[in-house]
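Data block below; observations after.
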Amino acid sequence: MDEFLKIFSENQVIVMVGETGSGKTTQIPQFVAYSDLPHTKGKLVACTQPRRVAAMSVAKRVADEMDVQLGRHVGYSIRFEDMTEPGTTFLKYMTDGMLLREAMNDPNLERYSTIILDEAHERTLATDILMGLLKGIAKKRKDLKLIIMSATLDALKFQKYFSLRSDANAPLFKVPGRTHPVEVFYTQEPEPDYVEAAIRTVLMIHRAEEPGDILLFLTGEEEIEDACRKIKLEADDLMNQDPSSVGPLVCIPLYSSLPPQQQQRIFDPPPPAINDGPPGRKVVVSTNIAETSLTIDGIVYVVDPGFSKQKVYNPRIRVESLLVSPISKASAQQRAGRAGRTRPGKCFRLYTEKDFMKELEEQTHPEILRSNLSNTVLELMKLGIKDLVRFDYVDAPAPETLMRALELLNYLAALDDDGNITPLGEMMAEFPLDPQLAKLLIVSPEFKCSNEILTITAMMSVPNIWLRPNNQRREADAAKAALTVPDGDHLTLLNVYNQYILNKHERNWAWNNYLSLRSLQQAENVRAQLERTMQRYDVELVSLSDQKKLFINIRQALVCGFFMQVAHKEGEKGNYLTVKDNQVVALHPSCGLDTQPEWVIFNEFVLTTRPYIRTVSEVKAEWLIEFAANYFDLASFPDGETKRALQRAWAKRAGKIAGRGDGSNGPVRDPKRRKTDVRKGDGRD
DNA sequence: GTCTCGCTT
């Protein structure tokens, strides 16, 4: 503490490295609060976390340690839950995303005397943007102190980045961890099939190693369930063959979409010995969730095949997808460390030492380099950052990614042609949504269906609501068919939500209909939050009683947000071509449309067994040229079926206007020309 | 004929 307080009092910015078990997350913020005395200045100390649960549980722990009531002097702030008391709270744990939101309305973060960014090595999108902002703010606000806390040895990068004067890096404060040593083993040769090798290794440990639980890292749900089945089968075999030398084994799967109750099973004790035989062993087979978010005590052996699923973004076709990729050295170290939490452990890496040294990257690529940045760019614009290309990033994203984001925002009329944020863009930034969804919601009152669009928007921003267990596919499909609206998947989402609300009194309704209750509850939460934001910005909540008209209007409103995600049917084979990007796509098999309409609008482009579009509704060519005239301008299309279809629609429209005689159909509003009226749709008549 | 690692506003 003395050492920390000295360095803290002498510097504006500190980089701190503390390994797991060093207590940095609980202790440093307390030291800061005692030294800084934020409450005497009417300010707060903030400590950010990448995850909600961490912000919550650490705040609780620290409140206990300080013997104060949680939510008063020490509190936390996460989405949907503010456990702080204005005027009283002086130490606040919060998610990094939450602090970023606050910055949008308080660009200098004046409320804070010290800001601590914890787990900076994880390089979440929000942490990266915050580092950029805070570097700028620290130059303006000499009274603001910053602490960048990280678990791994990438501190030098942060020290260099935060050298506020050119001649000196930010000082480093280092605290050792308190974990047990872990012995690391490598394979002699690369393993061609890492799942098979992993199963073999787990069984080898079970047969030959001392008692102690095993943690195996795999990449996804299916792989994990599959491996659990195989391990269980073989372990039972071993025990039956030789009950005197092999004990019982339980295999527990762990991934985020598992219901919380089943996740709790990882804390169960290992199975008891049978008839004085060898003691039982617990094997947890987990995704990356056990690398960062959950710690399981009692793990002595870690099996690390060296892979995880990672998000990748391809700006050329604007698609984010998940790829099984090699992990980084930092990740491998983190995984190994999981074996040494209670006593010395062993880590079996299923790759060669040479590959570890030569092939693995030092750090996982920061999220900012692997994501679609439309949302982030709009947030930065709202924060007053005008020149995004020259913003001081820790790692600058690809120029093409930024261009894609700017292009989308300009088409949505969130940015004008000079790259300035428009009043519409300012409003869009206030909604915790992707820009397309925010735009859709804001224009929806014009179509007299904001009540419904609010629901659809909420449903589109939560994880998949459809459950389809492997052994009950037919039942799940039948339940889904009963809820499907044939006009489009967006209307199906609306129907599901409405049915869920109507049947709330029925305890097992969601389960009986093969729907994820968790997702539905989350949609309800999101819907309420969005409704509050709508009220704040006077976006009316309206609806139509004529259902036929309502369903048409909903799909017209969709065009205003998603006109860049339209596909046109080519030929009779059921192939679609995305507009402008010309990607050949198919309707996802989960799509509920009963025909194959000529034009469709979609929520997602997914690249799995082949390119699919998911959550799809029918639209009309007339709507495209009416509500997104600028984007569907013929001059911007190459020759082809899509262009010819659009030409017919334009010709039909011209005929109508000519027929009216006076040409008084009003101006065709182009999003780029509209700078004042923020409420209207793109080119809405 | 489906297959979403992990997070967040």
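Order of the sequence lines sets the chain letters (A, B, ...), proteins ahead of strands, with each chain counted from 1.
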Exercise for review: Using a 4.0 Å cut-off on protein heavy atoms (strictly under), produce a 5'-to-3' string for nucleotides 2-9 of chain B with B for base contact, S for backbone-only sugar-phosphate contact, and - for none.
Suggested key: BBBBBSSB
Check your understanding: Taking only residues two or more places apart in sequence, or in another chain, which ones meet A/Q264 in a side-chain contact (heavy atoms from CB on, under 4.5 Å)?
Key -> A/F267
Point to revise | Under the side-chain contact (heavy atoms from CB on, under 4.5 Å) test, residues paired with A/S257 that sit two or more places apart | key: A/E221, A/Y255
Exercise for review: Output all residues satisfying side chain to side chain donor-acceptor pair (under 3.5 Å) with A/Q261, sequence neighbours left out; order by chain, then residue number.
Suggested key: none
Check your understanding: Who pairs with A/R79 by side chain to side chain donor-acceptor pair (under 3.5 Å), at least two apart in sequence or on another chain?
Key -> A/Q529
Practice item. Considering only atom C1', compute the distance from B/dT4 to B/dT8 and round it to an integer number of Å. Key: 16 Å
Review point. For atom P, what is the distance between B/dG1 and B/dC5, given to the nearest Å?
Key: 23 Å
Point to revise | Qualifying residues under salt bridge (Lys or Arg N to Asp or Glu O under 4.0 Å), relative to A/D82, sequence neighbours excluded | key: none
